[in-house]
Undergrad: 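There's a structure below that I have some questions on.
Remember, it's 1-based here, ligands and their atoms both numbered in the order they're listed.
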Amino acid sequence: MSSASIITPSGARYSRIMGVGGYRPERVIFNDELVEAIDSSDQWIRERTGIISRRWAAKDESVVDMAEAASRDAIVASGLEATQIDAVILATVTHPYQTPAAAPIVATRLGVQDAVAFDISAACAGYCHGIALASDMVRGGSATHVLVIGVEKLSDFTDLHDRSTAFIFGDGAGAAVVGPSDTPAIGPTVWGSDGSQWETIAQRESWTDLRDEWAAADESGGEHGWPPILMKGQAVFRWAVWGMAPVAQKALDAAGIRAEDLDAFIPHQANMRIIDSMIKQLALPPDIPVARDIAETANTSAASIPLATERMLREGQAPHGGLALQIGFGAGLVYAAQVVVLP
Ligand SMILES: CC(C)(COP(=O)(O)OP(=O)(O)OC[C@H]1O[C@@H](n2cnc3c(N)ncnc32)[C@H](O)[C@@H]1OP(=O)(O)O)[C@@H](O)C(=O)NCCC(=O)NCCS
């Protein structure tokens with residue numbers, strides 16, 4: 001047996017978010033443009049979800065394009081050059097290629113040479129999963145500066161005749177750079193999954209089922225289908241309302257932070273009523289700023305938390321250097337929460 005021992009890297013003692021960036025597509029879609037196809041109203045959508053409008057990407061604007069734009073902002077905000085990034089983690093469920101992943105393409109476009117680059121699929125919790133991985137990579141010594149991107153073009157996967165999803169989703173990208181820190185600035189992540197509920201938010205058909213449908217349609221001269229994301233709204237709503245506040249509380253406890261110590265609460269932007277219910281369950285003092293980006297952005301899945309963060313910092317709702325609790329939850333079902341120091 002060999003007596004040689006493996007050298008293992010040692011990383012930074014702590015990690016932090018160094019800068020965030022966001023990209024919102026130009027086209028604004030108000031509720032009124034969507035209601036006719038689903039027999040709904042602007043008032044119903046506002047009352048049941050808090051959504052007033054959302055952004056849709058242009059037809060030729062891709063997940064990669066949006067990710068690149070948000071990443072450039074995040075890298076500038078972090079005070080680094082793109083060449084200092086050595087890993088790119090891209091969270092998405094709407095990159096329309098089974099392979100390759102979007103992350104290596106984004107890395108190359110940014111001028112990042114030889115970066116570790118891969119996609120993760122953790123839906124609306126993707127960004128918080130990415131922050132957890134990035135933090136562990138920086139502390140474990142496998143990377144120094146990790147670019148974490150949450151990006152979605154959900155308009156490509158939305159059935160505009162589906163009453164439970166047509167008005168919910170939006171497009172956009174958010175990004176953050178995670179790097180070494182002298183002080184603790186990313187708390188322990190509380191995360192997990194429940195695959196028994198996978199059907200509550202899911203792409204309608206698998207690509208292989210669709211291939212068979214398309215073959216049948218070709219033979220009969222029928223129309224080709226396209227798989228939208230479906231959601232059992234009430235089941236997801238109940239899971240989020242009753243299951244996610246305890247996860248958020250555990251993230252606070254794990255970091256040794258009390259709700260009243262927070263400078264911002266940045267939950268996934270899924271439904272304003274879910275956000276309000278979490279505030280109540282966490283007994284969050286009323287003066288603590290809460291992300292409510294959903295009103296103008298709707299649910300952008302992996303992009304929702306970094307977009308909301310970027311907005312709160314840009315508009316001065318949350319202080320640079322403040323303590324924020326962030327929690328993502330969605331298809332899988334999966335969730336992840338952590339306390340972070342805002343850049
Ligand atoms: C989708 C969602 C907004 C629907 O709201 P809801 O209050 O659960 O709606 P329900 O399905 O219970 O329907 C309530 C009523 O509104 C009606 N309704 C449903 N969709 C409607 C629509 N788009 N417009 C108008 N009325 C609608 C229903 O017919 C029902 O009418 P009734 O009371 O006369 O029977 C909500 O379930 C939700 O936000 N779910 C969670 C989404 C989420 O968190 N996703 C995150 C993971 S990514």
Undergrad: Determine whether more than 12 heavy atoms belonging to other residues, nucleotides or ligands lie under 6.0 Å from atom CD of E260.
TA: yes
Undergrad: Using the rule side-chain contact (heavy atoms from CB on, under 4.5 Å), only one of V148, I89, V178 pairs with L133; which is it?
TA: I89
Undergrad: Sort out for me which residue in D293, D73, D171 forms a salt bridge (Lys or Arg N to Asp or Glu O under 4.0 Å) with R24.
TA: D293
Undergrad: Which of parallel (below 30°), tilted (30 to 60°) and perpendicular (above 60°) describes Y335 and W239?
TA: tilted
Undergrad: When hydrophobic residues are tied together by side-chain contacts of less than 4.5 Å, even through go-betweens, does V138 share a cluster with I75?
TA: no
Undergrad: With a 6.0 Å cut-off (strictly less than), is the heavy-atom count around CD of Q84, excluding the residue itself, greater than 12?
TA: yes
Undergrad: Are any protein N/O atoms closer than 3.5 Å to the N/O atoms of ligand 1? If there are, list each pair with names and the distance to one decimal place.
TA:
residue	atom	partner	partner atom	Å
ligand 1	7 (O)	R48	NE	3.2
ligand 1	7 (O)	R48	NH2	2.7
ligand 1	7 (O)	R273	NH2	3.1
ligand 1	12 (O)	Q234	NE2	2.4
ligand 1	16 (O)	W44	NE1	3.4
ligand 1	23 (N)	R163	O	2.9
ligand 1	24 (N)	S40	OG	2.6
ligand 1	26 (N)	W44	NE1	3.3
ligand 1	26 (N)	R163	NH2	3.2
ligand 1	29 (O)	R163	NH1	3.4
ligand 1	37 (O)	G233	O	3.2
ligand 1	39 (O)	N271	ND2	2.7
ligand 1	40 (N)	G233	O	3.0

